[in-house]
Amino acid sequence: MRADRLVSLVLLLRQHGQLSAVTLARELEVSTRTVLRDIEALSAAGVPVYAERGRHGGFALLPGFQTELTGLNHDEALALVVAGSRRGAQVFGLGSALASAMLKVVDALPASYRSTAAGASQRLLIDPETDLLSRRLVTEESPDTTTAEVLRAVLAGHKLRIHYAATDQPAKWRTVDPIGVVTVREQGYLLATRSGEDRTYRLDRVLAAEELAEPAERPDRVDLDRAWQERSTRFRTGGDQVTVLARVNPIRREDLARTALAILAESTDEDGWLRLEVTFQDSRHAEWALWQLSTNAEALAPPWLRAALHTRATTLATRYAAQPVHKDC
DNA sequence: GCTTGTCGCCAAGTGTGTGG
DNA sequence: CCACACACTTGGCGACAAGC
């Protein structure tokens, strides 16, 4: 119990810099007297902890002790931050840093835990590089200097100049104020503001980046998770969305629900099929989603969607009615 | 004067080893 | 298995020193 508390004490001091005995006692759920004895024990064990007396005093570790204790470098520390997702480390080009950081973490474990960790790595595999059909799931760890430059600016809190290619538009240079970087599945996004307006950029569409010396305009405290939720909500409710009325076989309802942005209304017809009012990102998205359901769905409205699906179906029917062009294949 | 660390003392609780 | 002794841990208290 005490050994655990001594470790916790060191970690608290590393995390907060300086803490009073009263605060440490509250955090560790012991008396101040016990904290003082623990400090004494740490000091006797060679931990460079020192006391500042008087008002606003407290205990702190000598500068430098932090890095000596862990041996982690900048990239490794960063890799542990994104370690919740190996994909995150891949997107940031930190896969090798994550691997070496994990080695150090495992190495720091007591011998009994170390064998457990080694055993676990032989029994558990999370997010392999390919799926069962050998399709590659994890992006190559690229020496992506552009992503690295973006990351540098984000961490340094500097403005950033990016050469960005938006969908169906020629690439343009623009200067942005970075807020943070978000990874979703294999995709990285730069959250930023441009002339005070919120902007979200896909990292794979950033063709070049240049960190500027000027500090970025960024709120002191940002809840990145919340910012991402707000932007994704805005994305889902904005743009060229279309609403479709469709009849769907109940067995394919979930397939449609997965691809649609939202289901606005739902009822059941006499024959058991579902009548759904569904919104999609745009017309192409709607056409693709209905086409995927094949004979298990029928678009009732709008007319242009029925026409598009009719064109696809007749083209396909004509093709298969005719003799093959290349008989030898 | 107030806040905070330092030190010593005592008592109670807890864990561990040993003998019957 | 149980009782006992011992060591260790913890909390509380008080007096004092140091810094703001």
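Below, chains carry the letters A, B, ... as their sequence lines are ordered, and counting in each starts from 1.
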Whether A:Ser20 contacts B:dT4 is assessed here as follows: a side-chain N or O lying under 4.0 Å from the phosphate OP1 or OP2. Is that the case?
no

Parallel, tilted or perpendicular: which fits the ring planes of A:His163 and A:Trp173, with parallel below 30° and perpendicular above 60°?
parallel

Any heavy-atom pair between the side chains of A:Leu9 and A:Ile39 that's under 4.5 Å?
yes

Heavy atoms under 4.0 Å, any strand shown: does A:Leu36 hit a base, just sugar-phosphate, or nothing?
base

Does A:Arg33 make a side-chain donor-acceptor contact with the base of B:dG5, cut-off 3.5 Å?
no

Gap between atoms CD1 and P, on A:Ile39 and C:dT9 respectively (whole Å):
16 Å

Heavy-atom side-chain contact between A:Tyr201 and A:Arg174 under 4.5 Å
yes

Please give, in whole Å, the distance from B:dT3 P to A:Leu24 CG?
19 Å

Taking CZ from A:Arg37 and P from C:dG12, how many angstroms apart are they, rounded to a whole number?
11 Å

If I take atom CG in residue A:Asp38 and atom P in nucleotide B:dT6, what distance separates them, rounded to the nearest angstrom?
13 Å

Taking only residues two or more places apart in sequence or in another chain, which ones pass side-chain contact (heavy atoms from CB on, under 4.5 Å) with A:Leu36?
A:Ala21, A:Arg33, A:Phe59

